Structure formats: C-alpha cells, structure tokens
Protein chains: 2
Amino acid sequence: MKGIRRLAQHLDISIGTVSRALNGRPDVNEETRRRVLAAAKELGYVPNQSGRSLRQGTTNIIGFMMQTGTEITGQGDTFFMSVFDGVQAVFGRHKLDLVALLCSSEEDPADYLSRVVARGFADGVILSATQRHDARVELLSERNIPFVTLGRTLTDAGQPWLDLDFEGMAQASIDRLVARGHRRIAVTRPHDDVNLGYVFVERCREALASHGLALEEELIFRSTPNEAGGYQVGRELLSLDERPTAIVLINETIAIGFYRALSEAGVKPGRDIAVIGRYSPHAQFLSPSLTCFRLSLRDLGVALAETLLSTMPVFREHYPHGTANKLWPMELVEGASDALHIHQP
Amino acid sequence: MKGIRRLAQHLDISIGTVSRALNGRPDVNEETRRRVLAAAKELGYVPNQSGRSLRQGTTNIIGFMMQTGTEITGQGDTFFMSVFDGVQAVFGRHKLDLVALLCSSEEDPADYLSRVVARGFADGVILSATQRHDARVELLSERNIPFVTLGRTLTDAGQPWLDLDFEGMAQASIDRLVARGHRRIAVTRPHDDVNLGYVFVERCREALASHGLALEEELIFRSTPNEAGGYQVGRELLSLDERPTAIVLINETIAIGFYRALSEAGVKPGRDIAVIGRYSPHAQFLSPSLTCFRLSLRDLGVALAETLLSTMPVFREHYPHGTANKLWPMELVEGASDALHIHQP
DNA sequence: CATAGTTCCGTAAACGTTTACGGACGCCGA
DNA sequence: TCGGCGTCCGTAAACGTTTACGGAACTATG
C-alpha cells in the first residue's frame, strides 16, 4: 500500500478526507487535519505529482527554455541567472516552480518543445533568444500553451513579449558617437538569426542615415556571443584597410575578447577607438572602463513572470494588465572606452 | 474525446493498439502502425506525460539542481552549460531529458528538493555545489532516488560522486610556486560551506607543510565566486602589511576582479606577484595570460551522466561500471601570470 | 482435417490523485 | 416530533496512459 492510501489506512479514515485535509479544504475537521498533517510528516508522505497533474490537468511548473551547446555558451553567463531571480520572486507567491528546459544544440528547438512541453509537462513557457522566424511560437500557440517571449520575432501569434530596447541603445549610441565626431562607425550582430540582430543593425542604419551617414557592409561584424567572437571581431576590424573610429558591441561578453585583440595590437579603447558595449559583471572590470548599456535583469524577470501569469486564467485576477509588449529601457553607464573625439578636418 | 481515445476513435481501433503502435511494440501490424503514426501526426497527438508517468512510475526526466540568486551568480557562468553539453550527449541516447532545477536562494535547498523531486518529478538527480554537510544527500538517499553528486561531501549515503581534483591542483600549484622560490603564498576559498573550499585549503596547507612552510591564516581569503569577490580579495591582499608573493585562486571568475584590483595599484601579475587560477573562457583573454588549471567540462558531464545511469536499474546494463568516485584531473595551462621567481636571500 | 503455433488486436485493470455527490449525525427552531 | 440546516466524512468516478491477458483469425504441420 502506497501513497495517500497508506496514509488513510494508517489513520483509519478515507483517502478523500486525507486529500482534503492536505489541500487545505474547509470541509474537514481541524482536529483531523492536524492528525493528517502529523501523520504525513511522520510517514514522509509527499503527494505524487503525476497523479495530481493527471487529475487537475496542471503541473505548477513553468519552463524557461534555453539552449545548451558550446557556441551559445557565452550568452548563458550570469544573464539568465539574474532573470531567473526575478521570475522566481513572482512565482514563489503562487507555488509555481521554475525549471530550465535545456535544449541540446543537436536537436531542433521546436521538436524539443513539442516533445517535452506539449506533453503537459509545464503550465507555461518563457521563450528566450527568439529567432527572426520562430517555429516554437507557432507550436505553443497552436497547442494553447500560455507563453511569453523574451525578445520579439516576426512570427506573430498574438503572444505577449518583452524585449530589451535595442532600438534605444542603437539610437543613443550612434547619436553619441556622431556627436563626438565619428563618421566611420562599426557595429556587431549575432552570428545566427536571433531577432535582435536585425532590430539592432537596422536601427543603427537608420540612426546613421538621419545624420547623413551610411552603415557600410564591411563594418557590420558577425560574432558568436562569447569572448572568442569578440576577439575575432577585433582581429577582423584591425585588418581593415580603413579602420572605423568607433564600434558598438551588441553582446555582453564580446567586449572581453575584443579588448584583448586591440590590446595585442597596441590599440587602446577610448584613445584610439571608441567602444560602446553592454553591461555585464565582467565589463565592470575591464580597463579602460567600458561605456555600456545596462538594465535590471531582475526587474525584467519580474515583468516576464507577471506577463506570463496575466495570460493564464487562474492567475489573471492578480495581474490584470501585465507588462506585455514592452521595450525594456537600458541605461547608459559612462566609461572611458568611448572618450575618443574625432576633430573634423 | 481527447488523447489516445480520440486517436483510437478516429482510426476505429482500440486504444491498446494505438498505444502499442506508438511505443514501438512488436505485436502490432506494420500497416496499422503506419496508419497510427500518420494519424498522430495529422491530429497533432502527443502522449500526456502525467498519464504515462503515473502508469509507468517513471518520467524520463533527470534534474540538475542549481541555485539561483545574485551572490552565486558568478559561478553559473559557462561552467554548467559545458557540463550540460556532455550530460545531454549521453542522455540523448536514452530518450532522457535534462532539466535544470532552479532553487531560489530564498528557499532551503533540501526543502526545495523534497518539494519538487520527491513528488516523482524526476527519475534521477545530479547535485552540484555540494556543501560540507549536505541535507539533500540524506533526502535523496532516504527516498531512494538515484543521484550523483558533482563534488564530495561529508554526508555519506554511499552515493556515487565525481569531483574536480582540487587536491591535485593544490599540490601542483604549491609545488610549482615553492620551486620558484615563493615562501609566502596566499590562497582563496569560497565564502560559503561548499565542500571544495575545505578540501582545497587543507591540501594547500599540507603541501606547504611538506616544504616546511605554514599556511598563515591572514593569507586565506574568503571570496564569493564572482568578479566582485576577486576584486575584494585583491584589495585585501594589497592592504596587508606584508604581502604574499604568490596566490592561488580557486574559482574561475575571480581572476578578472583580482587582476583589476592589482592593476589599479600598479601591481602586475607575473612581475610583482605570481598568480595561479582556474581556466575559463574569460581567463583566456586576461593579460598577462593566466596560468591556470583546466579540464574538459564536457567530458565531466559525460561521466556524470554515465555514473548516474549506472545506478539506475533500467540503464545499468549499458553502463556496468560507471565512472563513479573519481577525481577529475586538471591540466596546467602555462601562462605569464606566475612567471615571478623569488631569489632567496 | 485436427492440432498447434503465430500474429494481431480488444478488454480491462492499474497507476495516485482530486472532487462531485450524497449520507450520517447533531443541533436548532417551530 | 419534525423538518431544516450545518458539519464532516466516505464513495466512487475521472484524469490519460500502459500492459497483462485472452481470444480471434490465420498459417503451418502432421
């Protein structure tokens, strides 16, 4: 005899009463409830999740999907840990558990999702690293699984999303650099089809155009989102016949490798080239200090959670409006890396 | 009508046959199997995980437990991503899925485990960041849940473990530094009760003793496992009346902050002080290059997975011996940071 | 033709919960 | 005394699978 039956037998009451007692139902004598709880602790009883899920059709689990594998590895970093922190702060209030769904780089992300989540594994999903066209969005929306994306995508199923304000970053960076006299400005973008790359580059292009400048193709560097990618960008940049006088780095970690490549060539950020990047715990310790854009990842996590819950009937009352479809602003942290001013001839 | 019943109704066959067809049982006509699979795809049927788990008592999910929260955040890093990669390479062969169980720093880790895993959420667990005394080990062993730990612990339930060879690192580091004439050698250790701290410091002490040297208390620096911790260590070290001539850093990311603190004071690794650390994708880009210990995290992940599976009856035949209770060797990568030689007076 | 064996499929029980329903019992007011 | 009401509890169905069991149809063998 196992599970709730064992408990009921031990107490000589029915399993219905045991269940009600454990779940805090009102129609159970307080004395019996006390006995049940005591016995549960004594016998080390914990309700079986499968049985509960099967009956209730709910798992109390929210999945945060992320991809493993070496090339994306640099992105994992502390970024997600901080976001998780915020997400959990909200989930904790509703007995929801957050787990990270780790999709191997060898498997198709949509297949993975279909396999693990459409089976009723999670009550809701948070999607990150949205691609330009993202089959995962279609899948979840077809299956009516509540979800929210961190990052926009062209695949529109009416889902709520949050995203970093890459447009704002692009605009502010370009304006700032142009104001300092830069005319030849480089940008980086991710190596893959993650949507933010398109958004960022396009806005850079527009911002430059508004100043009467063009974004030259040879100044758009593709880079894996890790240190090695940044190093590669640095090498390529240095090998150009006509170097740019400034660059905007879209990923957090690439600044490290980029700095190194410059350093090896005796090129110093802030003196020989202006560099603007993204904040990360590492960037903080770069020298010369990196001018970068930062935001509160924890707050972003909170917003993600609230937005997701606002789409779920059970929780909607707590989060009537949510925070959906919002660009998350980034704040400029002034450093020394973009101190270089170009004097017009 | 939902689920497998709907499929059966649609095909006008019994649910038993549908189930057998989907699960690749031999006792089903190939033609019917074809029809079932086609219909499943057409209707978008995916088996419900709860129903399956309830019946089979198995979930096909392995949990990798990790803690979120800011102070440990630096440790997350790319370390785990690489380990996951190896774990998944093995799990992929057995239709097992890896998920990261994210325990909020606000919840007791053992409570968390009991809540999420004892409920039958996962078939097995990988525990990381084992504390000196770790209640999670007791819990899992009481509940007979297969698990393996990455890191040793004094809490012994006969569980299999793998660990990095911190003893080897300690010994080699000390030997190397002493051979270069260093007498006053500092070490770092984690701020919390994670077991590796004790192991590492003790072995350093022994190694020093074997050379007739003592490990002075003021030269043992506690540090959070992130950049900020490293910076703090650097500041403290610099403020000592009598500075050490060498230091061994136990965590991967602290070198970054440590370098920065030194740099601010005009102290250069390899010239003014010898530094030995751990490899990380960042460390690779430090200047002067960091002498550090590295290992294949992917291989470690593979071993973790194989060891876990070897303890699970269903998979035992594939992994008869496992790789349990092994210290994972680290290889020394020579850099410039420990080039300083002390000439004896 | 009888028998045995093989191939395939349907039936129904079981997994561990939750919960709608109804009943037993005691209490109160009419 | 009776009906009504409130409190508490037991019964049993339901959730969606898997699988042991048995049987029908067919084939092979003598």
Side-chain angles (χ1 to χ4, degrees), chain A residues 1-37 39-40 43-61 95 115-123 143 314, chain B residues 1-37 39-40 43-61 95 115-123 143 314:
Chain A
M1 188 80 66
K2 284 171 53 182
I4 207 173
R5 290 213 152 66
R6 172 150 150 65
L7 207 51
Q9 194 182 39
H10 181 256
L11 290 165
D12 198 32
I13 59 181
S14 80
I15 62 169
T17 304
V18 173
S19 175
R20 279 188 295 263
L22 292 173
N23 291 8
R25 290 291 160 116
D27 54 345
V28 49
N29 188 293
E30 278 309 320
E31 167 61 14
T32 27
R33 187 194 307 281
R34 204 191 45 71
R35 286 180 53 221
V36 170
L37 291 176
L43 301 188
Y45 167 79
V46 284
N48 177 288
Q49 182 63 34
S50 299
R52 183 194 294 247
S53 299
L54 183 56
R55 171 63 212 236
Q56 299 196 133
T58 195
T59 63
N60 290 333
I61 289 174
K95 298 185 182 303
R115 202 160 47 78
V116 45
V117 112
R119 292 185 170 187
F121 176 85
D123 293 345
R143 301 239 179 248
V314 198
Chain B
M1 188 79 65
K2 282 171 55 182
I4 207 173
R5 290 210 154 69
R6 171 152 151 63
L7 207 50
Q9 195 183 37
H10 180 257
L11 290 165
D12 199 31
I13 59 180
S14 81
I15 63 169
T17 304
V18 174
S19 176
R20 279 188 296 262
L22 292 173
N23 291 9
R25 290 292 161 116
D27 55 345
V28 48
N29 187 294
E30 277 309 320
E31 167 62 13
T32 33
R33 187 195 306 282
R34 205 191 46 71
R35 287 179 54 219
V36 169
L37 291 176
L43 301 188
Y45 168 79
V46 284
N48 177 289
Q49 182 63 35
S50 300
R52 180 191 297 240
S53 300
L54 183 56
R55 171 61 213 238
Q56 302 197 130
T58 193
T59 63
N60 289 333
I61 289 173
K95 296 185 182 305
R115 202 158 48 76
V116 46
V117 113
R119 292 186 170 186
F121 175 83
D123 294 344
R143 301 236 179 253
V314 198

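Naming: A, B, ... by sequence-line order, numbering from 1 per chain. Computed from a predicted model, the values in this text were never measured in an experiment.
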Visitor: Rounded to the nearest 0.5 Å, how far does OG1 of A/T59 lie from CZ of A/R119?
Guide: 14.5 Å
Visitor: How many whole angstroms separate atom CZ of A/R33 from atom C1' of D/dT7?
Guide: 13 Å
Visitor: Base, sugar-phosphate, or nothing: which does A/S53 touch, judged by heavy atoms less than 4.0 Å apart?
Guide: nothing
Visitor: Taking CG from B/D12 and P from C/dC9, how many angstroms apart are they, rounded to a whole number?
Guide: 13 Å
Visitor: What's the separation between atom CG in A/L54 and atom CZ in B/R52, rounded to the nearest 0.5 Å?
Guide: 13.0 Å
Visitor: Base, sugar-phosphate alone, or nothing: which one does A/T32 contact when heavy atoms must sit under 4.0 Å apart?
Guide: sugar-phosphate
Visitor: Is there side-chain contact between A/R143 and B/V46, with heavy atoms separated by less than 4.5 Å?
Guide: yes
Visitor: Just by modelled atom types, is the A/S50 backbone N or O under 3.5 Å from a matching donor or acceptor in the A/N48 side chain?
Guide: yes
Visitor: CD/B/Q9 to OG/B/S14 distance, rounded to the nearest 0.5 angstrom?
Guide: 13.0 Å
Visitor: Distance check, rounded to the nearest 0.5 Å: B/T17 atom OG1 versus B/R33 atom CZ?
Guide: 11.0 Å
Visitor: A side-chain contact here means heavy atoms from C-beta on lying under 4.5 Å apart; do A/I13 and A/V36 qualify?
Guide: yes
Visitor: Short question: side chain of A/Q49, backbone of B/V116 - any donor-acceptor pair under 3.5 Å?
Guide: no
Visitor: In degrees rounded to 10°, what angle is found between the helical axes fit to the five outermost pairs at each end of the helix from C/dC1-D/dG30 to C/dA30-D/dT1?
Guide: 60°
Visitor: Output the rounded distance in Å from CG (B/N29) to P (C/dT6).
Guide: 18 Å
Visitor: For the OH atom of B/Y45 and the CG atom of B/L22, what is their distance to the nearest 0.5 Å?
Guide: 6.0 Å
Visitor: Could you check how far CZ of B/R119 sits from C1' of C/dC15, rounded to whole Å?
Guide: 18 Å
Visitor: Walk along nucleotides 17-22 of chain D from 5' to 3' and tag each nucleotide B, S or - by protein heavy-atom contact under 4.0 Å, base first, then sugar-phosphate.
Guide: BBBB--
Visitor: Would you mind reading off the distance between B/I13 atom CD1 and C/dC8 atom P, rounded to a whole angstrom?
Guide: 14 Å
Visitor: In whole angstrom, give the distance that lies between atom CG of B/L54 and atom C1' of D/dC15.
Guide: 9 Å
Visitor: Rounded to whole Å, how long is the line connecting atom CZ of B/R35 with atom P of C/dC8?
Guide: 14 Å
